Every structure is written in C-alpha cells, then in structure tokens.
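First the structure, which I've put down as structure tokens, then a few questions once you've had a look.
Below, all heavy atoms of this structure are taken into account, side chains as well, without hydrogens, waters or symmetry copies. As the structure is a computational prediction, the values presented were derived from the model and not from experiment.
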Amino acid sequence: QVQLVESGGGLVQAGGSLRLSCVASGSIFRIDVMGWYRQAPGNDERELVARITDSSVTNFADSVKGRFTISRDNAKNTVYLQMNSLKPEDTAVYYCNANLVAYRGNPWRDYWGQGTQVTVSS
C-alpha cells in the first residue's frame, strides 16, 4: 500500500516563507512525476502549483513562478516545495501528488496525500 505524507504547512505572514515536504512510502517500484496541487477556500477544484519529473524537469503555475521552487530526492521518494514571498491568495490546502507504479508490470496510478493547510495572513 502506498502512502503520501505531507508536512510543513502552517500560518505565516505575507512575504514570509514555508517549505513543504512529501514522502511517498510503501510498495513503490518507480515514481514518474511528483507534484503539488492546492485547493483554496470556496473552490471545488484543485489547481496545479508545481510538478517535477524523475529527471528534474519542472513546471509551475503562472501565479507562483519566481516565488516557488520544487525539488525532489529520488533516493528518498520525497518532493519539496519551497514557497517564498507568500501572499494571502496562496492560502489553501496543499496536496502532494505522485504518479507511480507500485509493482513491476502494474499500471501507472495517481496517489494523493491528505493535504496540509497553508495560511498566509495580510
């Protein structure tokens, strides 16, 4: 069974920084893309924040470019999101996502963490 566990959320003032971490554990054969999504209060959908492939190709939402960076440690099945110059509109629940194969020969599947709250005060 695969689990994704996030950490690092919290309350921060505008202009501050936070670093989110997500560790994937369990039966994992290979991980392709890992990423972060967020769901703001009152929104029904999660939006992509940033993602990174196993060869470290990255892409970001326009709203976070220049402020957020994403990195991963493949040996530890961990992805990080460094968030700088935070704004009140970054307030959301942040979810970790991983596209992976649990066992050789199995299909690729998306897995999600339980989410971590990020609140940015003005």
Side-chain angles (χ1 to χ4, degrees):
Q1 186 173 355
V2 176
Q3 280 191 316
L4 272 62
V5 178
E6 302 109 332
S7 60
L11 173 64
V12 64
Q13 287 189 331
S17 298
L18 283 173
R19 187 188 194 214
L20 305 183
S21 300
C22 171
V23 180
S25 63
S27 301
I28 297 172
F29 175 67
R30 183 182 168 191
I31 303 176
D32 182 13
V33 180
M34 299 187 81
W36 292 92
Y37 290 71
R38 67 187 180 188
Q39 186 167 2
N43 284 5
D44 292 334
E45 295 184 356
R46 298 176 186 179
E47 62 170 357
L48 173 69
V49 178
R51 60 187 176 189
I52 182 168
T53 71
D54 60 355
S55 55
S56 298
V57 176
T58 60
N59 63 295
F60 297 88
D62 288 342
S63 59
V64 307
K65 283 180 182 176
R67 301 189 296 123
F68 291 12
T69 58
I70 188 169
S71 60
R72 67 190 273 179
D73 184 333
N74 290 331
K76 296 180 179 179
N77 290 337
T78 301
V79 63
Y80 306 96
L81 184 69
Q82 178 66 44
M83 305 185 292
N84 299 327
S85 302
L86 282 160
K87 304 176 181 180
E89 51 264 43
D90 294 317
T91 295
V93 177
Y94 283 70
Y95 295 91
C96 177
N97 169 268
N99 185 250
L100 61 87
V101 173
Y103 297 97
R104 181 192 290 267
N106 277 24
W108 292 93
R109 262 196 60 187
D110 275 330
Y111 291 82
W112 294 90
Q114 79 286 355
T116 185
Q117 177 70 46
V118 171
T119 302
V120 184
S121 63
S122 57

Pairs touching residues 57-86 that satisfy disulfide (SG to SG under 2.5 Å), sequence neighbours left out
none
What is the distance from atom CD1 of Ile70 to atom CD of Gln82, rounded to the nearest 0.5 Å?
12.0 Å
Value for CZ (Arg72) from OH (Tyr80), rounded to nearest 0.5 Å, stands at 11.5 Å
Compare all side-chain heavy atoms of Gln39 with those of Tyr95 and state whether any distance is below 4.5 angstrom.
yes
If you compare all heavy atoms of Val79 against all heavy atoms of Cys96, which two are closest, and at what distance to 0.1 Å?
CG1-SG, 3.9 Å
Under the rule for ring-ring contact (aromatic ring centres under 6.0 Å, His included), what residues qualify as partners of Trp112, not counting sequence neighbours?
Tyr37
List in chain and number order the residues that pass side chain to side chain donor-acceptor pair (under 3.5 Å) with Thr119, two or more places apart in sequence or in another chain; answer none if no residue qualifies.
Gln117
Tell me every residue that passes side chain to side chain donor-acceptor pair (under 3.5 Å) with Asn59, counting only those two or more places apart in sequence or in another chain.
Arg51
Pairwise disulfide (SG to SG under 2.5 Å) hits with a residue in residues 42-86, at least two apart:
none
For Phe60, ring-ring contact (aromatic ring centres under 6.0 Å, His included) partners two or more places apart
none
Does the pair Tyr111 and Asn97 meet the rule for a side-chain contact (heavy atoms from CB on, under 4.5 Å), with working shown?
CA-CA 6 Å; Tyr111 291 82; Asn97 169 268; over 6 Å; no
Residues forming a side-chain contact (heavy atoms from CB on, under 4.5 Å) with Ser56, sequence neighbours excluded
Ile52
Closest non-hydrogen atom pair, Ala61 against Leu48
CB-O, 3.3 Å
Any donor and acceptor pair, going by atom type alone, linking the side chain of Ser55 with main-chain N or O of Thr53 inside 3.5 Å?
no
For residues 86-94, which side-chain donor-acceptor pairs fall under 3.5 Å, sequence neighbours excluded?
unit_1	atom_1	unit_2	atom_2	d
Asp90	OD1	Arg38	NH1	3.0
Asp90	OD1	Arg67	NH2	3.0
Asp90	OD2	Arg67	NH1	2.8
Asp90	OD2	Arg67	NH2	3.4
Asp90	OD2	Lys87	N	2.8
Thr91	OG1	Pro88	O	2.9
Thr91	OG1	Val120	N	2.9
Thr91	OG1	Val120	O	3.4
Tyr94	OH	Arg38	NH1	2.9
Tyr94	OH	Asp90	O	2.7

Partner set under side chain to side chain donor-acceptor pair (under 3.5 Å) for Gln114, not counting sequence neighbours
Glu6
Please set out all donor-acceptor pairs under 3.5 angstrom arising from side-chain atoms of residues 15-33, sequence neighbours excluded.
unit_1	atom_1	unit_2	atom_2	d
Ser17	OG	Asn84	OD1	2.9
Ser27	OG	Tyr103	OH	3.0
Arg30	NH2	Asp54	OD2	3.1

Sort and list the pairs that fulfil disulfide (SG to SG under 2.5 Å) and have at least one residue in residues 23-77, not counting sequence neighbours.
none
Heavy-atom nearest pair, Gly9 first then Val118, reads CA-CG2, 4.2 Å
Are the side chain of Asn43 and the backbone of Glu45 linked by a donor-acceptor contact shorter than 3.5 Å?
no
Keeping to residues at least two apart or across chains, list the salt bridge (Lys or Arg N to Asp or Glu O under 4.0 Å) pairs with something in residues 98-115.
none
